[in-house]
Amino acid sequence: MPELSIDGQSVRVAQGTTVAAALMSCGDHCSRTSVGGQRRAPLCGMGICQECRVSINGRRRLACQTICQNGMQVETHS
Ligand code: FES
């Protein structure tokens, strides 16, 4: 079971879980903050809407297209 950090909170998930699914288990379930300051969350779950953009180990990724790996550092406020 991979263990990752989401905004500093340790989360353990089942093998094969996407980062978008992991977001649902902690915090406000959101993936990013819009330019206007509104929190945004994954919507389509299939790589189209881009609402699930997060920072993973310092790089922008789509949470719904990324499988959780042990030691990942996910940030939703950057
Ligand atoms: S949830 Fe729509 S692109 Fe990831």
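Computed over heavy atoms, backbone and side chain alike; hydrogens, waters and symmetry mates excluded. First listed ligand is number 1; within each ligand, the first listed atom is number 1.
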- Item | Minimum-distance pair of heavy atoms, taken over all atoms of Arg61 and Thr66 | CB-OG1, 3.9 Å
As an exercise, identify every atom of ligand 1 less than 4.0 angstrom from a heavy atom of [X].
| X | answer |
| --- | --- |
| Cys52 | 1 (S), 3 (S), 4 (Fe) |
| Gln50 | 2 (Fe), 3 (S) |
| Leu43 | 1 (S) |
| Ile48 | 3 (S) |

- Query: Below 4.0 Å from any atom of ligand 1, is there a heavy atom belonging to Gly47?
  - Reply: yes
- Task: Answer yes or no: is there a donor N or O on one side and an acceptor on the other, between the side chain of Arg39 and the main chain of Arg32, under 3.5 Å?
- Result: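 Judged by distance alone, yes, a pair lies under 3.5 Å.
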- Whether Arg12 side chain and Met1 backbone form a donor-acceptor pair below 3.5 Å: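 Present.
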- Assess Cys49: does it contribute an N, O or S atom lying under 2.8 Å from atom 2 (Fe) of ligand 1?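 Yes, since at least one N, O or S atom of Cys49 sits under 2.8 Å from atom 2 (Fe) of ligand 1.
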- Task: Can you establish whether the number of heavy atoms outside Arg60 located under 6.0 Å from its atom CZ is more than 12?
- Result: yes
- In the protein, what heavy atom is nearest to atom 1 (S) of ligand 1, and what distance, to one decimal place, separates them? Gly45 N, 3.1 Å
- Is atom 4 (Fe) of ligand 1 under 2.8 Å from any N, O or S atom of Cys44? no
- Query: Does Leu62 share a hydrophobic cluster with Met72, counting links as ILVMFWY side-chain heavy atoms below 4.5 Å and allowing steps through other members?
  - Reply: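 No; tracing contacts between hydrophobic side chains, which count when under 4.5 Å, never links both residues.
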- Start with the C-alpha distance between Glu3 and Ser10, add both sets of side-chain angles, then the distance that settles side-chain hydrogen bond (donor to acceptor under 3.5 Å, both in side chains), and finish with yes or no. CA-CA 7 Å; Glu3 184 172 354; Ser10 245; 3.0 Å; yes
- Note on the structure: Honestly, for Gln65 the part within reach of ligand 1 (heavy atoms, under 4.0 Å) is neither
- Query: Any chance the side chains of Gln65 and Thr18 put a donor and an acceptor closer than 3.5 Å?
  - Reply: no
